Amino acid sequence: MFENGVSQYDKGKIMVDVYFPAGKAICQWCPYCKNEDSLKRHKCMITGEYLVFPFLRRGFQCPIVMESEES
Ligand code: SF4
């Protein structure tokens, strides 16, 4: 279909609500956190980041802005 590659892209964006258990806004509870069992690691399915501390915090490249953090 793209034998000669793609020379230009059209860009789109989405805004999606993500819900965490109260006080637990960390990767562990995010629907976009994938546990790669065989490799013993977690990966963000949005950014592609391998998550170093999925049970402690959100990823360093996490795009989620919590309503409680907005000002
Ligand atoms: S980095 Fe953010 S979007 Fe990605 S899995 Fe963690 S909480 Fe979810």
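On a predicted model such as this, the values are computed, not experimentally measured, just so you know. Counting convention: from 1, in listed order, for ligands and their atoms alike.
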Taking all non-hydrogen atoms of both residues, which atom of [X] and which atom of [Y] are closest, and how far apart?
X	Y	value
Pro63	Thr47	CD-CG2, 3.8 Å
Gly48	Lys43	O-CE, 3.6 Å
Glu69	Arg58	OE1-NH2, 3.2 Å

Under 3.5 Å, which donor-acceptor pairs do the side chains of residues 9-36 form with other protein atoms, sequence neighbours left out?
from: Asn35; atom 1: ND2; to: Asp37; atom 2: OD1; distance (Å): 3.1
from: Glu36; atom 1: OE1; to: Arg41; atom 2: NE; distance (Å): 2.7
from: Glu36; atom 1: OE1; to: Arg41; atom 2: NH2; distance (Å): 3.4

With a cut-off of 2.8 Å, how many protein N, O or S atoms neighbour atom 2 (Fe) of ligand 1?
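Number of qualifying protein atoms: 1.
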
Would you say Ile64 ends up clustered with Phe53 if hydrophobic residues are merged whenever their side chains have heavy atoms under 4.5 Å apart, either directly or through other cluster members?
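Per the 4.5 Å side-chain linkage, Phe53 and Ile64 are not co-clustered.
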
Determine whether Phe60 and Leu56 fall in the same hydrophobic cluster, where Ile, Leu, Val, Met, Phe, Trp and Tyr are linked whenever their side-chain heavy atoms lie under 4.5 Å apart.
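Yes, Phe60 and Leu56 fall within the same hydrophobic cluster.
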
